[in-house]
There are 2 protein chains.
Amino acid sequence: MVSAGYDALVETRELRYFVAVAEELHFGRAAQRLAMAQPPLSRAIQQLERRLGVVLLHRTARAVALTEAGSVLLREARTALDAVEAAERRTRRAADDQPGVVLAAKAGASRELLSKLLDAYAAEPGAVAVEVMLCGPGEPESLLRTGRADVALLHRPYDTTAGFDTEDLHTEQQVVVLPKGHPLADRAHLSLVEVNAQTDLPLPRWPGRDGGHPDGPGPQVRDHTQLLQLIALGLACAVVPESLRDQLRDDHAIVPVPDAPAVTTVIAWPPHSRSKAVADLVRTATRL
Amino acid sequence: MVSAGYDALVETRELRYFVAVAEELHFGRAAQRLAMAQPPLSRAIQQLERRLGVVLLHRTARAVALTEAGSVLLREARTALDAVEAAERRTRRAADDQPGVVLAAKAGASRELLSKLLDAYAAEPGAVAVEVMLCGPGEPESLLRTGRADVALLHRPYDTTAGFDTEDLHTEQQVVVLPKGHPLADRAHLSLVEVNAQTDLPLPRWPGRDGGHPDGPGPQVRDHTQLLQLIALGLACAVVPESLRDQLRDDHAIVPVPDAPAVTTVIAWPPHSRSKAVADLVRTATRL
DNA sequence: ACGACCAATACCCGTGCGGTATCGCCGCTC
DNA sequence: GAGCGGCGATACCGCACGGGTATTGGTCGT
């Protein structure tokens with residue numbers, strides 16, 4: 001007998017179905033999202049439960065809820081589906097061998113570092129085209145995991161780098177951005193508790209990985225431009241890495257927050273990446 | 001639109017088929033391994049290629065070979081299948097809630113550290129049963145990736161820790177183990193080149209992840225017991241972490257190899273693990 | 001008590017996966 | 001160079017299973 005021997009695994013179709021139901025907690029809506037009818041979906045989930053020998057969902061006629069095992073599967077199924085998607089994408093990418101690297105980074109973050117990196121890499125011998133995907137917070141991680149991007153700039157501890165190879169590039173302190181003239185704006189420094197304690201300027205709410213915003217006070221925000229504008233309008237404040245200073249307008253004020261966790265910009269790539277371009281990019285980045 | 005939306009992904013069945021063919025490089029044997037006939041397998045691979053729009057295999061009537069894209073898919077498909085398998089196993093584990101943790105470690109490695117860890121953890125409040133899987137080199141990594149184990153002791157740089165969360169536990173130098181009375185045995189230290197240069201004692205060959213041994217000189221070896229016995233018989237030598245010293249018999253001699261890479265024992269666990277037991281084990285380990 | 005809502009069941013149909021038989025191609029052998 | 005053997009592809013068939021429609025059953029609101 002040779003090698004692992006994956007026998008009789010769950011099919012990706014079943015995992016997709018389960019994720020849809022687990023996210024919607026409603027068979028009808030999930031079926032709609034999957035572009036199919038509700039009964040076959042119900043059956044598919046039952047069959048999945050029978051195969052696993054595990055109850056994944058508690059159904060009362062009025063509501064559907066995840067069991068303990070169900071929420072484990074939701075998490076695991078997402079990463080498995082991401083891996084399958086990545087396999088597909090990376091294979092396709094490897095085939096049409098017009099080389100070219102996709103780099104993902106949060107719009108507005110590490111702007112200077114990014115431009116220096118691109119310049120330095122372009123000067124390397126054997127450099128290929130770099131397509132830069134600027135995206136919202138949390139997204140680069142997912143792009144990397146699904147193979148939509150080859151390499152990404154992430155920010156610990158905001159992004160989780162679990163599952164990737166990484167190199168640290170730069171560490172910086174955080175500051176709070178306030179509207180100019182705010183009572184706290186001329187303090188030499190602030191603590192996190194002070195920032196959280198003041199109630200006139202709420203912290204904004206960023207979208208979660210499901211695209212929805214968490215509940216709570218504070219304005220919904222999708223990118224740094226929106227954020228800075230809201231702050232300038234006196235509707236919010238935010239704790240951000242100090243390098244964002246370059247993008248502030250003169251109606252902003254910043255105050256260091258020494259006890260906020262330091263933010264480390266890292267360059268991350270999928271393990272086992274064999275791409276020369278990614279390796280060159282990483283090497284260039286570490287030398288900056 | 002909510003969330004990711006994985007539409008029309010490749011099925012795990014197709015990935016399993018492809019991995020089998022890619023590993024065997026022979027449709028007949030692959031079909032046999034998959035317990036199916038050869039024609040449907042051929043068709044399935046063709047269909048996969050059509051779906052991806054990518055040629056994965058070069059077939060001449062005499063031989064099958066992987067294309068560039070094919071070898072990318074082989075690698076990616078393995079990790080994707082591992083993720084699916086892990087999803088399945090972890091879900092099952094979460095269901096039958098007799099708690100208990102599976103810890104994987106290479107047989108014979110870090111023996112003292114392992115027993116101290118088990119003792120210390122057992123003394124923790126809320127400790128659950130720990131099932132220890134002792135296995136061959138390279139295996140713990142795969143056990144962890146497929147969800148067969150919850151936590152593992154790995155050894156950098158031999159094991160790759162990519163994709164796991166880890167904590168370093170212990171770093172040690174390596175030594176070469178020789179049969180007692182060997183001409184080099186009374187040297188104060190040796191360099192790697194000297195070890196490789198001497199030809200009377202070959203280095204053993206460990207099995208790869210496919211279960212087969214690489215070609216070359218030197219005896220095939222599956223665990224440390226075999227290895228030590230071969231060395232005592234004067235048929236091999238080996239460079240190993242110095243903590244293996246405890247397990248040597250008096251017909252062995254050891255000589256430090258200062259320029260061999262230091263070996264770090266790490267405790268590793270899958271990212272997103274929510275298990276209290278794993279967290280406790282890790283915390284206990286780092287405090288040793 | 002009735003209606004709305006929602007998951008489950010019953011039943012049917014078509015696709016697609018797997019099996020057997022066979023072909024076509026290439027390389028080795030004598 | 002004719003024949004044979006090995007191997008992947010093709011042809012064709014049957015059935016199991018995935019998906020659709022219609023309906024039921026149970027549980028909340030009002």
Side-chain angles (χ1 to χ4, degrees), chain A residues 2 5-52 54-67 69-70 73-74 77 81 84, chain B residues 2 5-52 54-67 69-70 73-74 77 81 84:
Chain A
V2 184
Y6 307 97
D7 33 22
L9 290 184
V10 174
E11 292 298 323
T12 63
R13 183 177 44 79
E14 309 184 79
L15 294 180
R16 275 169 41 219
Y17 288 2
F18 175 73
V19 169
V21 174
E23 284 181 354
E24 300 285 349
L25 291 178
H26 189 292
F27 281 79
R29 280 195 299 276
Q32 197 172 345
R33 207 173 100 186
L34 294 166
M36 65 186 291
Q38 169 259 320
L41 178 58
S42 286
R43 264 188 321 169
I45 301 292
Q46 291 177 48
Q47 179 177 326
L48 177 62
E49 289 180 314
R50 249 181 290 118
R51 281 171 111 154
L52 294 175
V54 166
V55 178
L56 301 170
L57 299 167
H58 280 136
R59 305 98 149 136
T60 76
R62 220 50 182 176
V64 174
L66 284 171
T67 64
L73 182 59
L74 175 56
L81 290 174
V84 172
Chain B
V2 183
Y6 308 98
D7 33 23
L9 289 184
V10 174
E11 292 298 324
T12 63
R13 181 178 45 79
E14 310 183 79
L15 294 180
R16 273 169 43 218
Y17 289 1
F18 175 73
V19 169
V21 174
E23 284 180 355
E24 299 285 350
L25 292 178
H26 188 294
F27 281 78
R29 279 194 299 276
Q32 198 173 344
R33 207 172 100 186
L34 294 167
M36 66 185 291
Q38 169 259 321
L41 179 57
S42 286
R43 264 187 321 168
I45 302 293
Q46 291 175 48
Q47 178 178 325
L48 178 61
E49 288 181 313
R50 248 181 291 118
R51 276 204 210 187
L52 294 174
V54 166
V55 178
L56 301 170
L57 298 166
H58 281 136
R59 303 98 149 139
T60 75
R62 220 48 183 177
V64 174
L66 283 171
T67 62
L73 183 58
L74 175 56
L81 289 175
V84 173

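Note on naming: letters A, B, ... go to the chains in the order of the sequence lines (proteins, then strands), and numbering restarts at 1 for each one. Since the structure is predicted, the reported quantities are computational estimates derived from the model, not experimental observations.
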Between [X] and [N], is there a contact of a side-chain N or O with OP1 or OP2 at under 4.0 Å?
X: A:S42; N: C:dA7; result: no
X: A:Q38; N: D:dT21; result: no
X: B:Q46; N: D:dT10; result: yes

A:V21 and side chain to side chain contact (heavy atoms under 4.5 Å, CB included): which single residue from A:L66, A:L57, A:L74, A:L48 fits?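 The residue from A:L66, A:L57, A:L74, A:L48 that satisfies side chain to side chain contact (heavy atoms under 4.5 Å, CB included) with A:V21 turns out to be A:L57.
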
Without decimals, in angstroms, what is the distance between [X] [atom1] and [N] [atom2]?
X: B:L34; N: C:dG19; atom1: CG; atom2: P; value: 10 Å
X: B:L57; N: D:dA9; atom1: CG; atom2: P; value: 9 Å
X: A:Q47; N: C:dA8; atom1: CD; atom2: C1'; value: 15 Å
X: B:E11; N: D:dG18; atom1: CD; atom2: C1'; value: 11 Å
X: A:L41; N: D:dG18; atom1: CG; atom2: P; value: 13 Å
X: A:L48; N: C:dA8; atom1: CG; atom2: P; value: 13 Å
X: A:E14; N: D:dC17; atom1: CD; atom2: C1'; value: 12 Å
X: A:Q32; N: D:dG19; atom1: CD; atom2: P; value: 17 Å

Which one, [options], comes nearest to the side chain of [X]?
X: A:R13; options: C:dG19, D:dA9, D:dG18; answer: D:dG18
X: A:H26; options: C:dG18, C:dA8, C:dC6; answer: C:dC6
X: B:R59; options: C:dT20, C:dA7, D:dG8; answer: D:dG8
X: A:A37; options: D:dT21, C:dA7, D:dG19; answer: D:dT21
X: A:P39; options: D:dT21, C:dG18, D:dA9; answer: D:dT21

Measure the OH-CZ distance between A:Y17 and A:R33 for me, rounded to the nearest 0.5 Å.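 Rounded to the nearest 0.5 Å, the OH-CZ separation comes to 12.5 Å.
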
OH/B:Y6 to CG/A:L15 distance, rounded to the nearest 0.5 angstrom?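 So the OH of B:Y6 and the CG of A:L15 are separated by 10.0 Å.
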
In terms of the nearest nucleotide of DNA chain C, which residue is placed more toward the 5' end: A:T60 or B:Y17?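 Its nucleotide being nearer the 5' end, the pick is A:T60.
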
Which residue lies more 5' along DNA chain D, comparing A:A44 with B:F27 via nearest heavy atoms: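 Going by which nucleotide is closer to the 5' end, it is B:F27.
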
Is there a donor on the side chain of B:R43 or the base of C:dG18 sitting less than 3.5 Å from an acceptor on the other?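 Yes, the side chain and the base share a sub-3.5 Å donor-acceptor pair.
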
Min side-chain heavy-atom separation A:Q32-A:E24 under 4.5 Å: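 Contact flag for A:Q32/A:E24 side chains = no.
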
Quick one about B:Q38 and B:S42 (side-chain donor to acceptor, distance below 3.5 Å, no hydrogens or angles considered), yes or no?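 Yes, B:Q38 and B:S42 have a side-chain donor paired with an acceptor closer than 3.5 Å.
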
